[in-house]
Amino acid sequence: MDTMADRVRRVRETIAEAALESGRRPEEICLVAASKTMGAEAVREAILAGVDAVGENRCQELTEKLAQGAYTGAPLHFIGHLQQNKLKYLVGKADLIQSVENEELLRQIDRRAGALGIRQAVLLQVNIGREEQKGGADPDRLPELCALAGSLPHVRLEGLMAVPPVFAGQENYPYFEEMYQLFIDIRAKKYDNVSMNILSMGMSGDYPAAIRAGANMVRVGTAIFGARTYPQTV
Ligand SMILES: *Cc1c(COP(=O)(O)O)cnc(C)c1O
């Protein structure tokens with residue numbers, strides 16, 4: 001049976017190949033372990049095996065595992081659907097909130113971060129496939145969201161995140177390319193107080209393609225932890 005260390009090493013090797021193919025160094029790609037449903041022990045093993053950060057999807061799970069000391073030694077990211085009434089559990093706890101999708105969330109994060117006297121790092125999630133039930137901002141709304149984020153004193157916008165429509169591997173490539181183009185365009189506009197440095201896209205099924213298209217952060221769950229089992233709901 002392979003170990004956590006084996007799996008993380010294989011993911012790193014795949015990342016390195018894709019990075020080199022796209023003219024970048026392997027160290028430029030940040031590996032976020034997407035740890036939803038995984039216990040604190042598995043998260044600690046992944047951190048020991050050398051992932052760069054851990055990403056959680058649910059507030060309650062994050063809060064529980066945080067209390068168990070699961071994230072010691074690695075930055076904690078929030079990558080799940082953001083609800084306003086859950087922000088109090090995230091602002092100041094997560095080092096990076098990747099899934100901000102509208103103006104109201106930006107303002108609420110700013111307010112809460114201000115109360116804590118911090119500046120909260122965030123990414124804007126983009127609904128690049130323009131899918132109806134999918135989270136994320138419409139690509140057309142990015143200019144105003146970037147301008148707003150730059151005007152909020154307790155928010156630091158660091159880049160973009162996307163979860164494109166789910167296809168096997170290469171078929172996502174056009175979406176990844178479109179995301180990279182948006183990222184480059186926004187960066188060129190140089191919004192005040194916005195640092196467009198992070199492009200977070202790619203999961204277990206498609207992270208090599210995402211990196212080849214320009215991602216510098218990938219969120220990998222299954223390839224690190226194995227398949228997820230969700231509790232049965234009746
Ligand atoms: C679960 C999840 C991932 C990782 O998915 P895998 O296919 O298991 O690698 C990445 N990003 C988000 C937002 C997720 O919810």
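The structure displayed is predicted, hence computed values, not measured ones. Remember, it's 1-based here, ligands and their atoms both numbered in the order they're listed.
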Table please: side-chain donor-acceptor pairs of residues 69-84 below 3.5 Å, with sequence neighbours left out.
unit_1, atom_1, unit_2, atom_2, d
Tyr71, OH, Glu56, OE2, 2.9
Thr72, OG1, Gly69, O, 3.2
His77, ND1, Gln98, NE2, 3.0

Between the protein and ligand 1, are there any N or O atom pairs that come within less than 3.5 Å of each other, and if so, what are their names and distances?
unit_1, atom_1, unit_2, atom_2, d
ligand 1, 8 (O), Thr222, N, 2.8
ligand 1, 8 (O), Thr222, OG1, 2.6
ligand 1, 8 (O), Arg228, NH1, 2.8
ligand 1, 8 (O), Arg228, NH2, 3.2
ligand 1, 9 (O), Ser204, N, 2.9
ligand 1, 9 (O), Ser204, OG, 2.5
ligand 1, 9 (O), Gly221, N, 2.8
ligand 1, 11 (N), Arg219, NE, 2.9
ligand 1, 15 (O), Lys36, NZ, 2.7
ligand 1, 15 (O), Asn57, ND2, 2.7

Identify every side-chain donor-acceptor pair in residues 179-192 under 3.5 Å, counting partners at least two apart or on other chains, and give the distances.
unit_1, atom_1, unit_2, atom_2, d
Gln181, NE2, Asp185, OD1, 3.4
Arg187, NH1, Met196, O, 3.4

_Looking at Arg156 and Gln120, would you say the former's side chain and the latter's main chain have a donor-acceptor pair under 3.5 Å?_
no
*Say whether, by atom type as modelled, one donor and one acceptor occur between the side chain of Ser204 and the main chain of Thr222 under 3.5 angstrom.*
yes
*Sorted by first residue and then second, give each salt bridge (Lys or Arg N to Asp or Glu O under 4.0 Å) pair with at least one member in residues 85-104; sequence neighbours left out.*
Glu103-Arg107
*Hey, could you give me the NZ/CG distance between Lys134 and Asn127, rounded to the nearest 0.5 Å?*
7.0 Å
